[in-house]
There are 2 protein chains.
Amino acid sequence: MSNGETGEQREGSIAHRVPDLGALELLLAVARLGSLGAAARELGITQPAASSRIRSMERQLGVALVDRSPRGSRLTDSGALVTDWARRVVEAAAAFDAGAQALRHRRDSRLRVAASMTIAEYLLPGWLLALRSQRPDTAVSLLAGNSTTVAEQLLSDEADLGFVEGLSVPPGLDSTVIAHDHLIVVTAPTHPWARRRRPVPAEELASTPLILREKGSGTRQVLDAALGGLARPLIELSSTTAVKASAVSGAGPAVLSELAVGEELSMRRLVRIPVEGVSLARDLRAVWPTGHRPTGPARELLSLTRG
Amino acid sequence: MSNGETGEQREGSIAHRVPDLGALELLLAVARLGSLGAAARELGITQPAASSRIRSMERQLGVALVDRSPRGSRLTDSGALVTDWARRVVEAAAAFDAGAQALRHRRDSRLRVAASMTIAEYLLPGWLLALRSQRPDTAVSLLAGNSTTVAEQLLSDEADLGFVEGLSVPPGLDSTVIAHDHLIVVTAPTHPWARRRRPVPAEELASTPLILREKGSGTRQVLDAALGGLARPLIELSSTTAVKASAVSGAGPAVLSELAVGEELSMRRLVRIPVEGVSLARDLRAVWPTGHRPTGPARELLSLTRG
DNA sequence: TGGGGACATAAACTGGATTTATGAGCAACG
DNA sequence: CGTTGCTCATAAATCCAGTTTATGTCCCCA
C-alpha cells in the first residue's frame, strides 16, 4: 500500500481538496473578464482579496491557473481546463440554488408549481434557472409529490401549474406533452446481461428479479403496466438513488428513468440493456385545471419546457 | 419591479446562497447514514459541529431538511429533494477534484495520460473518478493538448496512454475506438432554424455563416472535411465555451460536439438542428505507441472507457 | 516623464465554524 | 425500574481563513 509520496492528504471529504464555490466563481469571472481586479469588482470584493483567493486556490491545487501580467490576467492551459471543470460545479450549484429558492417560498409566490418527483429532481431546476434568467422577478414556489398530490394541489388552487410523469392524466386536468421519457434497464458492467448481444425479451424481463422502486411509484406503475403487472422485485427501494446505488454495486438489473442515469451511463458505471417486446416509454406532461389555460408566469415557464 | 417580499438578498454570487461543499457533503452523509453523529464521525468532525452545520444550512435555505429524533435523523420530503440536488453538486466537485489531482503532474505518477481537449474536458474526469474507486493508489497525471501533442508525448515516452478525437490516428501509434462522438448543429430556440420542420441540407449548411472553433481545432477539422473545406465562419472562437455562449445568445448556428451541449439541450437553451447529407460523426480513440500495448494502470483505465 | 491600470504585499480586523464540556430525551435490557 | 447507550441540543472559548485598508511595483501609453 504505497503511501502518499508528496505529502498527499489521505483525507476523506473532497470539500478540503476542492476550492469553495466562491473561489470557483471568481475563477470563472477572471476567465471571462481577463482581469483579477475586474472580476473582484464584479463579485463585490476588493482586488487584494481576489488576488489572494486565486493564489490560495493555485496553492491548493498545485497548478498555476492564471498568467498575471501588469496588463491583465490570462488563464494558463491548465487553468482553462480547470475553469471548464469548475464551470460544471458552479452550474450544478446554480441549479441547486434555483431549486432551493423555489422550495422555500410558500404563499406569496407569483408562480406556484407542483411536480412529481422525477421531474422535480432532474428537470425543474434547469427550467427555473432559465426562467430566472428571463424573468428575474418571478418568485416561484415548488411542491413535489406524486401525480395524485399534484392534481390535488391544482384543483384546490394551491398550485398554478403542474408536471406529472404517469401514464394517464388525472381527471379534471388539461395537459400537454412536454417531453418523452423512457424507462431503461441497466446493470453494472460486470453483470452477465451486459455481455449479451441480443435484446432481452419481455418474458425474460418479467421473469427476472429486478431492482425496483416501491409499488405505487410512477416508475413502477409504468413498468407493471408494460409487463402486465408481472414485474418480479429482487429488492424494492424507495428512492431512485438507492436503486442506482444497488445496481452499480452489481446486485442485479434495475429499471429506471433514463433521466436518472445519464451520468452513470456515460462514465460506464452502468450499462444500458436493450429490451424487446415492451414499450417503456412514458410522456412527461404539464397539467392545469381544465379550462384554466396557463397565463403569465405559468405560460412563461411552460414555453421553456417545450421546443 | 416588485421588490423582494421576504427580505430577499438581491446579491450576485450564488456562493452566498448555496451551502458550501462541506455542508452538502455532510447532508449526503446524514441521508445515507440516518444520523447526524454518524455522519459527523465519517467526516471527521464532532457531532455538535455537524448539528450546527445542518442547522445553519436549514436557516440559510429556509427549509427544514432533517427530522431529528432521539433515535436518529431522517430527511424531510424537502430534504430528500435538496439532497438529490446537492448530490449533483458534490459529484461535479468530485470530478473536479479527480481532474485537478491529475493536472499537477508529478514525475512519479504511475500512469501518465495525454488527452485532447474535448476528452479531457468532458470525459476524463469521470474516468479518473472511476479509476480511483477501483485503484485508489494509482497516481495519474494528465497532459491536455491536441492530437499532435498527444502523439509527441506518447512517442517521447512522456505519456503512457493517449486519447484523441481527430479523424485519423497519428503515425506511429496504435489505437482502439472507445466511443463515438457527433458534431451537431445547434441554435438558440429563437433562431429561425429552430422552427424548421425539415433537416438542413449540406449545401445550405456550407453556405451559412456559422459560429465555429478556430481553424486547426479538432472540431473544425471534422467539419471542414465533411463539408469539403467550405465552412463559412460567422465568428471564430477559441474555446467551446465561447462558442456555446455565442450560440445561446442567438448570434447564429454553431457546430459543436454533442458532448459539450448535453446540459444546454436538456434545458432548452440550445436546440439541435437536424442536418442531412453530411456525416459529422467522429471516433474517439485511445492511442499508444505501436507495439506497446497498454498494461497495468493504463490497461485498467482503458477498460473503463469501453463497454 | 507622468498618469493610469493591474497585480503584490503587509498588517489589522472580523466573523463564522470548530471543539470542549455539558444536558436532556428516548429505548432496550437486565 | 434503574442503568447503559444511543441520539441530538446548547453554551462558551478558541481558532483560522478571508477580507479590508494602505501601500508598493511594474508596465504601457500619451
Side-chain angles (χ1 to χ4, degrees), chain A residues 9 11-76 79 83 86 90, chain B residues 9 11-62 64-76 79 83 86:
Chain A
Q9 73 281 58
E11 288 273 346
S13 100
I14 62 169
H16 293 136
R17 285 177 293 178
V18 178
D20 63 68
L21 287 169
L24 298 183
E25 227 179 334
L26 174 61
L27 180 63
L28 295 187
V30 172
R32 183 158 34 81
L33 300 171
S35 151
L36 288 186
R41 245 169 284 134
E42 179 173 274
L43 297 185
I45 60 177
T46 59
Q47 172 266 319
S51 176
S52 115
R53 226 155 144 68
I54 294 284
R55 188 169 294 283
S56 66
M57 181 158 47
E58 289 178 315
R59 198 157 16 86
Q60 181 179 22
L61 300 178
V63 176
L65 299 175
V66 306
D67 266 338
R68 306 116 197 274
S69 86
R71 206 162 75 271
S73 295
R74 280 230 80 55
L75 294 179
T76 62
T83 301
V90 172
Chain B
Q9 72 282 56
E11 287 273 347
S13 98
I14 63 169
H16 295 136
R17 287 178 292 179
V18 177
D20 62 70
L21 286 169
L24 298 182
E25 223 178 338
L26 174 62
L27 180 63
L28 295 187
V30 172
R32 182 157 36 82
L33 300 171
S35 153
L36 288 185
R41 244 169 287 132
E42 180 173 272
L43 299 185
I45 60 176
T46 61
Q47 172 268 320
S51 178
S52 115
R53 224 153 145 69
I54 294 283
R55 187 170 295 285
S56 65
M57 179 157 49
E58 289 176 314
R59 196 156 16 84
Q60 179 180 22
L61 300 179
L65 298 175
V66 306
D67 267 338
R68 306 117 198 276
S69 87
R71 210 165 70 271
S73 296
R74 280 231 85 49
L75 293 178
T76 63
T83 302

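Chain A is the first sequence line, chain B the second, and so forth, proteins listed ahead of strands; every chain is numbered from 1. The analysis underlying the following values was restricted to heavy atoms, covering all of them including side chains, and did not include hydrogens, waters or symmetry mates.
- Around atom CZ of Arg68(A), more than 12 heavy atoms belonging to other residues, nucleotides or ligands sit under 6.0 Å away.
- The side chain of Arg55(A) lies closest to dA8(C) when the candidates are dT20(D), dT19(C), dA8(C).
- Regarding Leu65(B), its CG atom lies at a distance of 15 Å from the P atom of dC8(D), rounded to whole Å.
- Between the side chain of Gln47(A) and the base of dA6(C), no donor-acceptor pair under 3.5 Å is found.
- When each of Val90(A), Leu75(A), Thr76(A), Val30(A) is checked for a side chain to side chain contact (heavy atoms under 4.5 Å, CB included) with Thr83(A), only Leu75(A) meets the rule.
- For dC7(C), one of the phosphate oxygens OP1 or OP2 lies less than 4.0 angstrom from a side-chain nitrogen or oxygen of Ser73(A).
- A distance of 11.0 Å separates CG of Leu33(B) from OG of Ser73(B), quoted to the nearest 0.5 Å.
- Between Ile45(A) and Ser52(B), the residue whose closest nucleotide on DNA chain D is further toward the 5' end is Ser52(B).
- Pairing each heavy atom of Arg32(A) with each of Glu42(A), the nearest pair is NH2-OE2, 2.9 Å.
- For the pair Leu33(A) CG and dC7(C) C1', the computed distance is 16 Å after rounding to whole Å.
- Proximity of Ser51(A) to the phosphate of dC7(C): no side-chain N or O atom is located under 4.0 Å from OP1 or OP2.
- Between dT20(C), dC27(D), dT19(D), one nucleotide has an atom nearer to the side chain of Pro48(B) than all others, and that is dT20(C).
- Between Ala49(A) and Gly34(B), it is Gly34(B) whose nearest contact on DNA chain D lies nearer the 5' terminus.
- Put simply, CD1 on Ile54(A) is 16 Å from C1' on dA17(D), counting in whole angstrom units.
- Computed from coordinates, the Met57(A) CE to dT19(D) P distance equals 11 Å when rounded to whole Å.
- Across all strands shown, Arg41(B) has heavy atoms under 4.0 Å from sugar-phosphate atoms exclusively, and none from any base.
- Atoms CG (Leu26(B)) and P (dA17(C)) sit 12 Å apart, rounded to a whole Å.
- Atom CZ of Arg53(A) is separated from atom C1' of dC16(D) by 14 Å (rounded to the nearest Å).
- Atom CZ in Arg71(B) sits about 7 Å away from atom P in dA28(C), given to the nearest Å.
- With Leu26(B) as reference, Ile54(B) is the one residue of Leu21(B), Asp20(B), Ile54(B) to meet the side chain to side chain contact (heavy atoms under 4.5 Å, CB included) rule.
- Applying the 4.0 Å criterion to OP1 and OP2 of dA8(C), one finds that Arg68(A) has a side-chain N or O inside that range.
- Side chain of Leu36(A), nearest nucleotide from dA8(C), dT20(D), dG18(D): dA8(C).
- At the heavy-atom level, Ser35(A) lies under 4.0 Å from the strands shown only through sugar-phosphate atoms.
- Following rounding to the nearest Å, Arg74(A) (CZ) and dC7(C) (P) show an atom-to-atom distance of 12 Å.
- Ser56(A) comes within 4.0 angstrom of no nucleic acid atom, judged by non-hydrogen atoms across all strands.
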